[in-house]
**Q** 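After the structure tokens below, expect a handful of questions from me.
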Amino acid sequence: MDAATYSIGLVVVAIGLIVGFAAIIREKDDLHRILLTDLAEVLALVVIALVATDLAEALILPGLVVGISELMAVSEVYIAKEGLKAPEGPPFHIEVMDSAPGILALILVAYGIVLSGFTGGAVAAVGAVFYFMCRGHAEQFELIETVSGYAWAIWIAAFFVFMFLPAYWFFGVMMAGGAILIKVMAKMSLVGTMRRGGPNV
Amino acid sequence: MFNLPTTNIGGQELFVLEFGDIVAYFSPYTTALFVFALIFTALAIVSRPEKQMDIAFGGDAYYAKVVDPELMRFQRFMAIACGLATLGAMVTGDVFNFTLFASLVGITNIGIVAAYRNRHVLNAAFQYGIVAMLATVPLFGGAAIVVASTGTLSMWELFTGAVAVPLIAKAFLVLGVMGEGMAPFYVAKAEITRAQGAPFILMVHVSSLLLFLRVAEIVISM
Amino acid sequence: MKKQTALIAGLAAGGIGVAAGILAAAGYLPVWAAEILAVVTFPAFVIFIALWWNAKSGEEDIPFIGY
Amino acid sequence: MIEYLLFATFIGLLFHGIHRKVIARVQGRPGPPIWQEILHTLKFSFKETWIPKTASQTLFVAVVFVAIGIWSGALFILLSGGSLLLLFAVYLLHKIVEHGMGLSSGSPYGKFGAIRSVISAASELPLLATVAVIYLFTGSLSIADIAAYQQVHGPLLILAFPAAAAMYLVILSKMHYGPFSIIEAKEIVSGNMTEHFGVWRAGLEVGFALKTYVLLYAFVLLFIGPLPLGLALLLMLLVLISLSFVCAVTPMLSPYDTVTIQSLVTGALVIYIIVLGVVMG
């Protein structure tokens, strides 16, 4: 990216930041402030993204992970602080959740596998979370955790292939791609179903 | 390959530790900070929290507070994680890694403070959490501007005289670290008397002071 | 802590510190290493020597503690 | 090595005694003899010692070791002409010792001392500004380089007077009985040292004596230049006596006032740095 575009981008980010920070200062409701801080944090990622090199792409992911974990930590504090409990009463329920969980989840997971890698994992995870939302998830946790653990081990093993047997790089890529797909999917399903058990995800 | 160009700030480079392209370096300065973080991480691992006494001012009444072992374990875990993140931040030779470690310190600090179930403490933790999250914006922003304007994040490149780092990036880095390391002030908002677990609460101070010291070195050297 | 233990620890720390200083002066040890040794041993020396000379030897009176 | 540490401890304790004597004389009292603090430390070391039942035991003891350790380290940094930034680091780490002392005992008075210590974090800022000014002048943070610079260009006390004033304020805020010593104010008994008695207190006194020695010596070394030991000690004594005068005639400030004053000084120094930056290009 040339310098002119970069500076235009920076100006846009600066405007966004000013708007975001002004909103945070004016906002009094704690829940809204959490949401606004997350918006401001996305702008930090935008600043990194503006660099627009391979390096920047590699930096966004850890930045995103740290951002999400901070968001989760603050949300947990918010829940504890307000003494919030799981809601009583009927959970979210619409017709499609009875009629088509299997087929929709299958399509999403299959498409995720086709995409593979991080993006694929995310798409497949949406499918898995949707399935659990519809059918409930009482005992699947241990299984998911186990699968996730093995996927992680395979992922690491793939890195060793890159390091010590560079000639087999294609095999390493396939191992890493498949493993990260399963890993991201497993992790996101866990996150998606984390706070409350039972059918009302 | 690695030769620290600024020997007049943190001292001569002693040795580097390479993990692939992730390189940590030890100069007398970073080593001293590293050792200090190590000492206090070890203390957080081995020492048990104090049994807090509370007095009614103006009278003779005092009572001991009870420690919830579950929360204490969580707090200790967070304190150790915080120590490890600090250790990383002290010796890393990469600006972006430094910012990552700094925000990690921020998260674990929230955890340490939030592990005490008291409304006032939780309120302070929440406010601090918001500040810590906002601080990631200048923190990552600073690192991004560094890489955009110089094309590198390696401190060996950045510390040479030939590479000019814009002032705004330095200011952003300092601002970010100050935001992440604000925890002691929030804890100090009279809540420290309520929050328990001295070795763990102390880790909050250790990490933020050490982060501040490290960023001072980085910014002066750049 | 036993009186004996404190004395041994204190003397050992002091001994190491002094030995490091002498070795550095004689050129057998780099100065920075001697300094680090001194920094590590000096606190131990101070504390353990003090603990040694205030430790009970076992023949004191029982202090009056009732009011 | 260790003999120099013992010497510094001795001189530091003697300085504490002189400090008390001068304050007393300024206030028209006879005051204790000047070796009182040495006797004091010895007395504490002979007292019966244990660890309070409520304390976090490991931390309670470890903090004493750390206090002596960091200041012995600081002394060697000064002597070997190491990094000024490292000295600044030791000064900040002393804050951790203060926190740890107060927090580890479980006593509410100790905790209040620790809180005040957190609040008075502003006392570190003038030192950072001082470091920055010195760097602007000498282009190096190695103490040896700074000493060499002064031998060529004359003492920094004249060249960079505001920085010296800020450093003076920093030392003042760590002096006993001073306007900034809110962490050991008597309304909270002995602040964060309340529960450290016997050998632990003696150890802390040793650490603090080293601290006084190091800070005064650093002031002389950084702003006047390398001198023979006798002359340096004399100048340190003069600085100390001037500090004692300030301590004797000023009341202890309220915690928030200390922060205000220290922040104002830092602000003034930042303006000075900016002006310097513009002037020196």
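Note that the structure is a prediction, hence the values are computed from the model and not measured. Here is how names work: the chains are called A, B, and so on, in the same order as the sequence lines, proteins then strands, and each is numbered from 1.
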**Q** When you measure from the side chain of B:Arg214 to the backbone N and O of B:Thr92, does any donor-acceptor pair fall under 3.5 Å?
**A**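 Yes: the side chain of B:Arg214 pairs with the backbone of B:Thr92.
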
**Q** B:Val204 and B:Asn109: which non-hydrogen atoms are nearest, and at how many Å?
**A** CA-OD1, 3.8 Å

**Q** Out of B:Ile110, B:Ile130, B:Leu104, which one racks up the most heavy-atom pairs below 4.5 Å with chain A?
**A**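 Most pairs with chain A among the choices: B:Ile130.
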
**Q** Go through the atoms of B:Leu139 and report whether side chain, backbone, both or neither lie under 4.5 Å from a heavy atom of chain A.
**A**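 Answer is neither: B:Leu139 stays 4.5 Å or more from chain A.
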
**Q** Sort A:Leu17 into side chain, backbone, both or neither according to what part of it lies under 4.5 angstrom from a heavy atom of chain B.
**A** side chain

**Q** Would a distance-only check, ignoring hydrogens and angles, find a side-chain to backbone donor-acceptor pair under 3.5 Å from B:Tyr128 to B:Glu180?
**A** yes

**Q** Measure from the side-chain N and O atoms of B:Thr99 to the backbone N and O of B:Phe96, and report whether any donor-acceptor pair falls under 3.5 Å.
**A**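 Answer holds: yes.
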
**Q** Give, as side chain, backbone, both or neither, the part of A:Ile48 having an atom under 4.5 angstrom from any heavy atom of chain B.
**A** both

**Q** Which atoms of A:Leu71 are under 4.5 Å from chain B, going by heavy atoms: the side chain, the backbone, both sets, or neither?
**A**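 Both parts, backbone and side chain.
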
**Q** Could you work out, with side-chain hydrogen bond (donor to acceptor under 3.5 Å, both in side chains) as the rule, every residue matching A:Lys81, not counting sequence neighbours?
**A** A:Asp30, B:Asn123

